[in-house]
Structure formats: C-alpha cells, structure tokens
Amino acid sequence: MMNKMISRWLLISINIMVLMEIGNCFEGGGVISVKYKFGGMERSLSSLSAHDTIRHLQIQAGVDLPIGGSGRPDAVGLYYAKIGIGTPSKEYIVQVDTGSDIMWINCVQCRDCPRRGYHGLELTLYDPSDSLTSSRISCDREFCKEITRGTSSTCRTNQSCLYTEIYGDGTYSMGYFVEDVVQYDRVSGDLQTKSANGSVIFGCGAGQFEDVDSSDDALDGMLGFGKSNSSMISQLSSSGRVKKMFAHCLDGVNGGGIFAIGHVVQPKVNTTPLVPNQLHYHVNMTAVQVGVGFLNLTTDIFMLGDKKGAFIDSGTTLAYLPELIYEPLLEQILSWQPHLKLRKLHDQYTCFDFSDSVDEAFPNVTLHFQNSLLLKVYPHEYLFSFEDMKCIGWQNSGMLTGDNKNATILGDLVLSSKLVLYDLENQTIGWTEYNCSSYIKIKDELTGSVHLVGAHSLSRGCRLSSKLYLFLLLLSLLQFCLQ
Ligand SMILES: *[C@@H]1O[C@H](CO)[C@@H](O)[C@H](O)[C@H]1NC(C)=O
Ligand SMILES: *[C@@H]1O[C@H](CO)[C@@H](O)[C@H](O)[C@H]1NC(C)=O
Ligand SMILES: *[C@@H]1O[C@H](CO)[C@@H](O)[C@H](O)[C@H]1NC(C)=O
Ligand SMILES: *[C@@H]1O[C@H](CO)[C@@H](O)[C@H](O)[C@H]1NC(C)=O
Ligand SMILES: *[C@@H]1O[C@H](CO)[C@@H](O)[C@H](O)[C@H]1NC(C)=O
Ligand SMILES: *[C@@H]1O[C@H](CO)[C@@H](O)[C@H](O)[C@H]1NC(C)=O
Ligand SMILES: *[C@@H]1O[C@H](CO)[C@@H](O)[C@H](O)[C@H]1NC(C)=O
Ligand SMILES: *[C@@H]1O[C@H](CO)[C@@H](O)[C@H](O)[C@H]1NC(C)=O
Ligand SMILES: *[C@@H]1O[C@H](CO)[C@@H](O)[C@H](O)[C@H]1NC(C)=O
C-alpha cells in the first residue's frame, strides 16, 4: 500500500516531433477542419460567432462533474471523474489532475495498457473508429503548432500530432491527438443537470508505462485541469461553452465530493494571485504556523527550487516541502509528544504508534499565503493511519528528483475538505474550509440565476463487468454454503 502513495505531477509535456516516424503508422485519418452539428446548423467550432458564444452562455450555467475516490493515502489516494466521449457516447473513468494540461484516454492500439484497474474495474479503451464524431488531429492544426511550439520543424501533410506526458512518478502516456465530442452534465437547475456536449481535442493513449505496483490504481485516462490552452476547460471556454473558472471540494472523509466548472458564488472564498509565467497553479507562500507559533524562516526559503511558489496539485496525494521547512516543521509537531517511538518506513514515512485522538495531541498547521489567505491543516488530515500506526503526511521534497527538489507541492492531504476555487479569468486561486458532502452555488452569467450543485460519490463497483459480478456472487454463495 505504501508504495502506492505515488504523486503524479507533470514534469514536462513535450510533443516529440522527432519521433514523427512513429506517427507514420497512425497516418491516413487526418482531417483538417471538422464540422459539427450544433443547434441544427453546421459550423466549425473554431469559428463560432460572437452571437453563438452569447447563446451558449445563456443556456449554460456551469458543468457538474461527478467525482469519486478518496484522497486519503491509506485508502486509495486518487480522485476520479466520469465523462462520456464519442458518438454513440461511452463512459470513461479518468483521474482529475490540476497539475497537468491535457486529457488522454487509453486507446485500443495500446498493448501495454492495463485491462483491469482500480478495484478490479474493467477498463474501457477508446476506439476512434467506433465513434462517428472522432477525427485525428494533424500536425498542421493550430492546436498542434501551439503545443509543440519550437519543436515542430517537420510537419508533413496528414501527419498525426503526437504527445508524450511524463509524470513525476516516472510513469508516462504517449500517443496521438484526436478530436471528439465530450458529453458532460450541464447545470440546469437546483441539483439538476442536462446532458450537453462540446468538441474537445485529447490524447489517444497508444503507449504507457505504469508502475506495476500501482496498476490496480489504473483508470481509463487522465483529465488535466491545468491552465494552459490545451486543457479541456480552456478548450470548452474558448468556444464559449463554459466560464474559465472551476472548483473542487474533495471529501477526505466520505470520499467523492464536488467538482464543478462555472462561476461559484457560494461559498465566498478569499483568494491569492497566481504567480505569473508558471505552467501550473503556483501561489506565494509567506509563512508556516504551528499551533500559535511561527517557524523561524527567512522569506527566500519560499522561493527555493526551480519553480517559484507553492504548487497546488490535486493529482498529488501528500504534501511536499523543502527540507529547510520540513525539518523545523516536523520538529515542532513532534515536540507536542516528545516520548513517541518513531519508525521510518520505506525510508520516507515517519510513523509511530498512537491510539488517542490526534486532534488534541498535535498542533494545527497553518500555511500563510500572499493576501492573508490561510490554509489550516488539522492533525487528522496530516497524520494518516497505516496498519496500527499514524504516519506523518508532510514529506521532504529533497527526496524528489530533478527540478522538484526544494519544491513545495500541496496535494490532496491539504486540499481535502476545502472548496478550492480556480479563477483563470482573474488569475487567482482561493479556498475555504467546507463540507464537501453539501452544496455549492453556481451563477449563470447572463440570466443571473443561481443554482445549487451537490456532491457525488461515484460507486466503486460502478463498472464491475457482469461476468465478474456473477463470479463474486457465486463466490459469496460458496462461502455461505461452506459456513
Ligand atoms: C450534442 O448536443 C447537441 C445539441 O444539444 C445535440 O443535438 C447532439 O445530438 C449532441 N451530440 C451528441 C453526440 O450527443
Ligand atoms: C490527407 O487526408 C485526406 C483525408 O483523409 C485525403 O483526402 C488527402 O488526400 C490526404 N492528403 C495527403 C497529401 O495525403
Ligand atoms: C491561448 O489562447 C489565447 C486565445 O485563444 C491566446 O491569446 C494565447 O496566446 C494562448 N496562450 C498560449 C500560451 O499560447
Ligand atoms: C510572489 O513573490 C515574488 C517574490 O517575492 C514576487 O516577485 C511576486 O510579485 C509575488 N507575487 C506574485 C503574484 O507573483
Ligand atoms: C531566527 O533565525 C535567525 C537566523 O536564521 C536567527 O538569527 C534568529 O535569532 C532566529 N529568531 C528566533 C526568534 O529564533
Ligand atoms: C485546531 O483548530 C481548531 C479549530 O479552530 C481548534 O478547535 C483546536 O483547538 C485547534 N487545535 C489545537 C491543538 O490548538
Ligand atoms: C535546497 O535549497 C537549499 C538552499 O538553497 C540548498 O542548500 C539545498 O542543497 C537544496 N536541496 C536540494 C535537495 O537541492
Ligand atoms: C475579477 O476581476 C474583476 C475586475 O477586477 C472583478 O470585477 C471581479 O469581481 C473579479 N471576479 C471575482 C470572481 O473575483
Ligand atoms: C455536510 O452536509 C451534509 C449534507 O447537507 C449533511 O448531511 C452533513 O451533516 C454535513 N456534515 C457536517 C459535518 O456538517
């Protein structure tokens, strides 16, 4: 279990044009301009008129993305969402990740992709030839030029646009881009949604490297909620379908939670500006408070590492701090219980036996950010259970590789049980403590009406194949008979 506490954050997203030769085996299906039916009129999505933009905003208040999973490292440590892709539409379960920028789904061509993943779920592979609306993106498309800026020296007509996504845990996905219709739940009233769709360019995963130990965490793909133009939210918003704002509330206790795209008006959150010129969501951390006291840190410690500022990443499970913050933080936390017998597990996790309630025995840790935004982390959030022990969730980023050394990466450990609002229009991010099993309110920009959006908790067995189900039924009958 412990070695599944991997973190996935994007190191680089490069489109290896020099590997274009690989692309040759995918050649033949490239289409340059794709037409979709919308409102009874055929038009190219890339040239939607201003009128259409307004029309779409009028009917679309927001998007309700049903999520499941749990950020608790002792549970599974990932959140996932369900989306429909293609015509006819099929359902896919994807990991939601604010630390990467594209969406990809494993495709039928993929030989090394796992066929069964998380909790024995049968995985669904996307087959472009099964969808009437699927088309391959060629390398001369604007999308491809932008994503491969600087490296696209050789683009021959009808060649596929390739991608490689490499994550911080050493796993990767590679393949080619396709465009297809994505179905989502549009907010249409209080706790009500209507199915809507939009055309999105995403990766068709033709090759993958997964850590063998983590293959039972495998899902159908990844849904990157990064801020670059290639993410699904950027694509939907550039065609006027959604406002460039989204929020998540990950329920660290019950699992699932709220994930919505749109203008969140309730709860109100305090915000901090995003650090400009960073690929992802980075904010300025200014101080670390343990209980009532502050760690004695110089301000330059918050600017260590290659990537400036603290990285907010829902695709990472734990929270990583530079050694110069991590060491004094642990010292302060542990000073509350000086007689603990500490054990180091997997050279990484500091654990100890502890059976009392942790919330009275250990201090709250409060991270301070620019604009006086606070992030309070309770002992029950930063201490997770492993076997009969408690382990400290704070990690030393000095043990990470490459440019993540000395980085501050804040994952689900600290983001759970908070409504986290990403406002890409104003380039801010904010949060507030919140009950993630309750509701938030989303405003329709044009009509001014406000709708409730509630929590979801996708059932884990939601896609157990009928064969597996029958097998489990027989197995339980057998156990019953043997008793
Ligand atoms: C997408 O939405 C439009 C308009 O609501 C609808 O006519 C069309 O059938 C939908 N397409 C798919 C593939 O569901
Ligand atoms: C590119 O693909 C289109 C559609 O498949 C085809 O009509 C066209 O002939 C191809 N062009 C070249 C140069 O291969
Ligand atoms: C993203 O798209 C917008 C509008 O389409 C454009 O102005 C901007 O330059 C693009 N950003 C990047 C990084 O290419
Ligand atoms: C973050 O901190 C750096 C260094 O102190 C500063 O230059 C920058 O203006 C701050 N704010 C933002 C939004 O980047
Ligand atoms: C804080 O650290 C600096 C050196 O980093 C030291 O000079 C100073 O005395 C410390 N202050 C306190 C209150 O410990
Ligand atoms: C942590 O914060 C909560 C809520 O503000 C408070 O009730 C609790 O006493 C704090 N814990 C400690 C150990 O100070
Ligand atoms: C982190 O930064 C400190 C201060 O600049 C430096 O001394 C240390 O070597 C760095 N650690 C790593 C693992 O790079
Ligand atoms: C975004 O910024 C604009 C202009 O500064 C402001 O009017 C608006 O209220 C801001 N939106 C939010 C959600 O803070
Ligand atoms: C959270 O909200 C749900 C739904 O409104 C409610 O049933 C539950 O009691 C709330 N939990 C807390 C701790 O307030």
Side-chain angles (χ1 to χ4, degrees), residues 70-74 79 98 247-254 257-258 264 266-274 281-297 299 301-302 309-314 316-322 325-326 328-337 350 354 356-385 390-395 397 408-423 428-438 440 455:
S70 161
R72 277 178 302 163
D74 49 324
Y79 287 92
T98 59
H248 59 64
C249 194
L250 310 174
D251 192 326
V253 181
N254 304 313
I258 305 168
V264 178
Q266 210 203 325
K268 292 256 177 285
V269 301
N270 288 331
T271 62
T272 188
L274 287 171
Y281 302 113
H282 290 255
V283 292
N284 274 348
M285 202 156 100
T286 53
V288 179
Q289 187 184 353
V290 184
V292 292
F294 283 82
L295 297 183
N296 181 15
L297 303 170
T299 51
I301 290 180
F302 298 106
F311 177 19
I312 307 291
D313 180 18
S314 75
T316 288
T317 304
L318 300 173
Y320 297 80
L321 299 168
I325 300 177
Y326 170 84
L329 174 64
L330 247 65
E331 190 183 311
Q332 283 299 312
I333 290 173
L334 293 171
S335 72
W336 282 53
Q337 299 292 329
T350 302
F354 200 81
D356 297 341
S357 157
V358 293
D359 277 332
E360 276 110 60
F362 291 92
N364 295 324
V365 173
T366 308
L367 307 178
H368 291 240
F369 296 87
Q370 195 177 337
N371 278 9
S372 312
L373 181 64
L374 305 182
L375 182 68
K376 192 163 181 178
V377 190
Y378 295 94
H380 71 264
E381 293 174 324
Y382 69 73
L383 296 172
F384 63 88
S385 303
K390 294 284 179 219
C391 300
I392 298 179
W394 305 108
Q395 304 292 311
S397 63
T408 300
I409 303 168
L410 304 177
D412 301 333
L413 179 86
V414 303
L415 300 177
S416 297
S417 307
K418 277 136 200 132
L419 187 282
V420 183
L421 177 64
Y422 301 74
D423 181 348
T428 62
I429 189 167
W431 50 72
T432 186
E433 278 177 39
Y434 206 63
N435 175 357
C436 297
S437 303
S438 64
I440 61 171

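The side-chain heavy atoms of D356 and Q337, taken from C-beta on, include no pair separated by under 4.5 Å. Residues L373 and T271 fail the side-chain proximity criterion, which asks for heavy atoms closer than 4.5 Å. At a threshold of 4.5 Å between non-hydrogen side-chain atoms, the residues Y281 and L274 count as touching. Side-chain atoms of Q332 and V288, non-hydrogen and from C-beta on, never get closer than 4.5 Å to each other. For the pair T350 and W394, the minimum side-chain heavy-atom distance is 4.5 Å or more. Within the 4.5 Å cutoff, no side-chain heavy atoms of T98 are placed close to those of F311. Side-chain contact between L334 and I392 is present, with at least one heavy-atom pair separated by less than 4.5 Å. With a 4.5 Å cut-off on side-chain heavy atoms, S314 and D412 count as touching.
Note: S417 OG to D251 CG = 6.0 Å, rounded to the nearest 0.5 Å. In this structure, CG on L374 lies 7.5 Å from CD on Q289, to the nearest 0.5 angstrom. Atoms OG1 and CG, on T428 and D423 in that order, are 4.0 Å from each other to the nearest 0.5 Å. If you take CZ on F354 and CG on L383, they are separated by 8.5 Å, rounding to the nearest 0.5 Å. How far CD1 of I333 is from CZ of F362: 8.5 Å, rounded to the nearest 0.5 Å. With rounding to the nearest 0.5 angstrom, the CD1 atom of I312 is 10.0 Å from the OG1 atom of T408.
Smallest separation of non-hydrogen atoms from F294 and H368: CE2-NE2, 3.5 Å. Pairing each heavy atom of T432 with each of K268, the nearest pair is CG2-O, 3.9 Å. Here the closest non-hydrogen pair linking I409 and T316 is CG2-OG1, 3.9 Å. When all heavy atoms are compared, the tightest approach of Y422 to H248 is OH-NE2, 2.8 Å. Listed here is the closest heavy atom pair of G309 and N284: CA-OD1, 4.4 Å. Here the closest non-hydrogen pair linking K418 and E381 is NZ-OE1, 3.6 Å.
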### Stepwise side-chain contact (heavy atoms from CB on, under 4.5 Å) test for I258 and L419
CA-CA 8 Å; I258 305 168; L419 187 282; 5.5 Å; no
#### Entry: Worked verdict on L297 versus I325 for side-chain contact (heavy atoms from CB on, under 4.5 Å)
CA-CA 7 Å; L297 303 170; I325 300 177; 4.0 Å; yes
### Message
Walk me through whether Y434 and V269 qualify under side-chain contact (heavy atoms from CB on, under 4.5 Å).
### Response
CA-CA 10 Å; Y434 206 63; V269 301; over 6 Å; no
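Residues satisfying the salt bridge (charged side-chain N to carboxylate O under 4.0 Å, His left out) criterion with K390, sequence neighbours excluded, are absent altogether.
Q395 places a side-chain N or O within 3.5 Å of a backbone atom of G393 that can act as its donor or acceptor partner.
Between F369 and W431, the angle of the ring planes goes over 60°, which puts this pair in the perpendicular group of the 30/60° scheme.
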